[in-house]
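Worksheet: one structure, shown below.
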Amino acid sequence: MQQPLPQDSLDDDLADFTPRTITLDGVARTVYVSGIGPAVIVMAEMPGISPDVARFARWVRDAGLTVYLPSLFGRDGAYPEAEAGVEVFKRACVSAEFRAFGAGKSSPVAVWLRALAAMAHRECGGLGVGALGMCFTGNFALTMMLEPVMLAPVLCQPSLPLDEPGGLEISPDELAAVRERLDRDDLVVRAYRFEGDRFCTAQRFAAYAAALGPRFEPRVLPAEAANPSPPPFFSQIVGCPHSVVTAHLVDAAGEPTAAARDEILAFLVDRLTADVPLPPTSRQPAPTSVDDPIKSSVDHS
């Protein structure tokens with residue numbers, strides 16, 4: 001009988017990323033950076049920057065973009081085991097940085113992420129910045145559209161608020177401002193979920209559609225397209241098709257999840273590199289920031 005692999009062999013050392021400490025608005029976080037080209041902020045799902053999240057970040061980088069991967073929770077690079085993932089999830093739910101419950105307000109960490117987008121645009125240039133959030137961070141990409149340099153938001157299985165299946169984790173005023181900007185600058189929001197996802201429901205996508213109208217472009221994948229053998233946190237705790245571009249993605253030709261991945265990458269490249277004028281609101285100056293390189297990853301558990 002084959003012996004299970006040791007835990008450390010399943011982790012990702014993130015050695016091909018440059019870990020940096022980036023301080024914005026007085027808050028320092030570890031951000032893993034790699035690539036050349038316009039910037040894309042990739043925000044990890046629960047329980048953190050897993051090997052599958054890092055794999056998706058590498059696909060973004062290999063598409064000709066610079067990926068910024070902020071460490072928001074969990075142990076960076078860790079394989080998502082069930083028990084450890086639950087502990088990370090519990091801590092995030094009570095953290096002042098996140099609003100896991102209750103609709104109509106945004107998580108405070110979104111302000112820091114908007115500042116990161118502005119800084120990344122100054123560093124990388126291009127037409128603007130893209131952002132992709134997943135699960136716990138899914139809606140952050142929408143709230144980040146309040147930052148003028150943001151041009152390409154992608155919401156993968158946005159799951160907050162956890163207690164309101166049809167609720168949106170954004171204030172009404174912010175949502176109205178985002179809709180106004182989408183209309184003014186002719187932008188769209190891409191969003192992805194699986195049929196049967198208990199955390200990102202059809203009701204939530206309907207609420208986005210009602211708020212954003214034709215600016216909201218949803219994609220719903222069949223449940224049977226999900227990887228049937230995801231890591232333990234997803235098989236034992238999540239327990240349903242959920243993670244479109246990470247744990248439940250099947251990286252093979254003809255697979256719906258691989259097609260969704262390719263569509264997302266094409267959307268980011270097209271929106272951030274196409275030879276079109278920059279929307280007027282994206283020419284506004286952004287706040288300054290400070291960053292310093294570091295040598296090792298950080299555990300936010």
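For the numbers below, each heavy atom of this structure counts, side chains included, while hydrogens, waters and symmetry mates do not.
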(message) Would you say that Val42 contacts Arg61 through its side chain, given a criterion of any heavy-atom pair below 4.5 Å between the two side chains?
(response) no

(message) side-chain contact (heavy atoms from CB on, under 4.5 Å) for Tyr32 and Arg20? Distances and angles first, verdict last.
(response) CA-CA 6 Å; Tyr32 298 88; Arg20 296 166 55 183; over 6 Å; no

(message) Is it the case that the side chain of Trp112 and the backbone of Val27 share a donor-acceptor pair, with hydrogens and angles ignored and the cut-off at 3.5 Å?
(response) yes

(message) Let's go through Ile237 and Phe89 carefully: what are the C-alpha distance in whole Å and the side-chain angles of both, what is the deciding distance for side-chain contact (heavy atoms from CB on, under 4.5 Å) to 0.1 Å, and is it a yes or a no?
(response) CA-CA 11 Å; Ile237 306 303; Phe89 174 73; over 6 Å; no

(request) Please check if the side chain of Arg179 supplies one atom and the backbone of Leu212 the other of a donor-acceptor pair under 3.5 Å. (result) yes

(request) Can you see which heavy atom on Glu147 is nearest to which on Ala117, and at what distance? (result) CG-CB, 4.3 Å

(request) Would you please test Glu123 and Tyr68 for side chain to side chain donor-acceptor pair (under 3.5 Å) and show each step? (result) CA-CA 11 Å; Glu123 292 186 343; Tyr68 287 71; 2.5 Å; yes

(request) Kindly compute the distance separating CE (Met144) from CG (Leu113), expressed to the nearest 0.5 Å. (result) 5.0 Å

(request) For the residue pair Asp12 and Asp52, establish whether any side-chain heavy-atom pair is separated by less than 4.5 Å. (result) no

(message) Just so I know, are the side chains of Gln157 and Tyr192 near enough to count as touching, which here means a heavy-atom distance under 4.5 Å?
(response) no

(request) With the side chain counted from C-beta on, respond yes when Val33 and Phe17 share a heavy-atom pair under 4.5 Å apart, and no when they do not. (result) no

(message) Run Ser107 and Glu169 through side-chain contact (heavy atoms from CB on, under 4.5 Å) and show every step you take.
(response) CA-CA 7 Å; Ser107 289; Glu169 197 232 15; 2.2 Å; yes

(message) Using modelled atom types and a 3.5 Å cut-off, is there a donor and acceptor pairing between side-chain atoms of Thr143 and backbone atoms of Ile170?
(response) no

(request) Using a strict 4.0 Å threshold on nitrogen-to-oxygen distance, state whether Asp185 and Arg215 make a salt bridge. (result) no

(request) Report whether Val111 and Phe136 are members of the same hydrophobic cluster (ILVMFWY, side-chain heavy atoms less than 4.5 Å apart, transitive linking). (result) no

(message) Are Leu146 and Met43 connected into the same hydrophobic cluster when the rule is that any two of I, L, V, M, F, W, Y join if their side-chain heavy atoms are below 4.5 Å apart?
(response) yes

(message) Would a single hydrophobic cluster contain both Ile41 and Leu187, if residues Ile, Leu, Val, Met, Phe, Trp and Tyr are joined by side-chain heavy-atom contacts under 4.5 Å?
(response) yes

(request) Following the transitive rule for hydrophobic clusters with a side-chain heavy-atom cut-off under 4.5 Å over Ile, Leu, Val, Met, Phe, Trp and Tyr, establish whether Val188 and Met145 coincide in one cluster. (result) yes

(message) Are the side chains of Thr21 and Val31 in contact, using a 4.5 Å heavy-atom criterion?
(response) no

(message) Membership question, hydrophobic clusters at under 4.5 Å side-chain separation (ILVMFWY): are Val189 and Val220 in the same one?
(response) yes

(message) Distance check, rounded to the nearest 0.5 Å: Met150 atom CE versus Arg181 atom CZ?
(response) 8.0 Å

(message) Treating Arg198 as the side-chain partner and Val238 as the backbone partner, does any N or O pair qualify as donor plus acceptor under 3.5 Å?
(response) yes

(request) Mind checking the CG-CG spacing from Asp197 to Leu221? Nearest 0.5 Å is all I need. (result) 11.0 Å

(request) Give a yes or no answer on whether the side chain of Asp251 reaches the backbone of Ala258 with a donor-acceptor pair at less than 3.5 Å. (result) no

(request) Decide yes or no for Leu142 and Val178: does some side-chain heavy atom of the first lie under 4.5 Å from some side-chain heavy atom of the second? (result) yes

(message) Any salt bridge linking Arg58 with Asp62? Criterion: basic side-chain nitrogen under 4.0 Å from a carboxylate oxygen.
(response) no

(request) Of all the heavy-atom pairs spanning Pro38 and Thr273, show the shortest one and how long it is. (result) CG-CG2, 3.7 Å

(request) Kindly indicate, with the supporting measurements, whether the criterion side-chain contact (heavy atoms from CB on, under 4.5 Å) is fulfilled by Phe233 and Tyr79. (result) CA-CA 9 Å; Phe233 178 79; Tyr79 181 74; over 6 Å; no

(request) Measure the spacing between CZ of Arg261 and CD of Glu255 and express it to the nearest 0.5 Å. (result) 10.5 Å

(message) Can you give me the closest heavy-atom contact between Gly85 and Pro47, atom names plus distance?
(response) CA-CB, 3.6 Å

(request) Work out which heavy atom in Phe205 is nearest to a heavy atom in Pro218; give both atom names and the distance. (result) CD2-CB, 3.6 Å

(message) Is it the case that the ring center of Phe199 lies less than 6.0 angstrom away from the ring center of His242?
(response) yes

(request) Determine yes or no for a side-chain-to-main-chain donor-acceptor pair under 3.5 angstrom, with Thr66 supplying the side chain and Cys124 the backbone. (result) no

(request) Hey, could you give me the CE/CZ distance between Met119 and Arg114, rounded to the nearest 0.5 Å? (result) 16.0 Å

(request) First locate atom CG of Asp76, then atom CD1 of Ile49, and finally report the distance between them rounded to the nearest 0.5 Å. (result) 4.5 Å

(message) Whether the side chain of Thr201 engages the backbone of Arg204 through a donor-acceptor N/O pair (distance < 3.5 Å, no angle test) should be reported.
(response) yes

(request) Measure the shortest side-chain to side-chain distance between Phe216 and Leu182 over non-hydrogen atoms and say whether it is less than 4.5 angstrom. (result) no

(request) Specify the closest pair of heavy atoms between Ala226 and Pro241, including all atoms of both residues, with the distance to one decimal. (result) CB-CB, 3.7 Å

(message) Do Thr137 and Glu45 pair up side chain to side chain, a donor and an acceptor below 3.5 Å, judged on atom types alone?
(response) no

(message) Main chain of Ser243, side chain of His248: is a donor-acceptor contact present, judged purely on distance under 3.5 Å?
(response) yes

(message) Applying side-chain hydrogen bond (donor to acceptor under 3.5 Å, both in side chains) as the test, list every pair that has at least one member in residues 228-238; sequence neighbours left out.
(response) none

(message) If I compare all heavy atoms of Ala131 with all of Ala141, which pair ends up nearest, and what's the gap?
(response) O-CB, 3.7 Å

(message) Measuring only between side-chain heavy atoms, which start at C-beta, is Leu155 closer than 4.5 Å to Asn139?
(response) yes

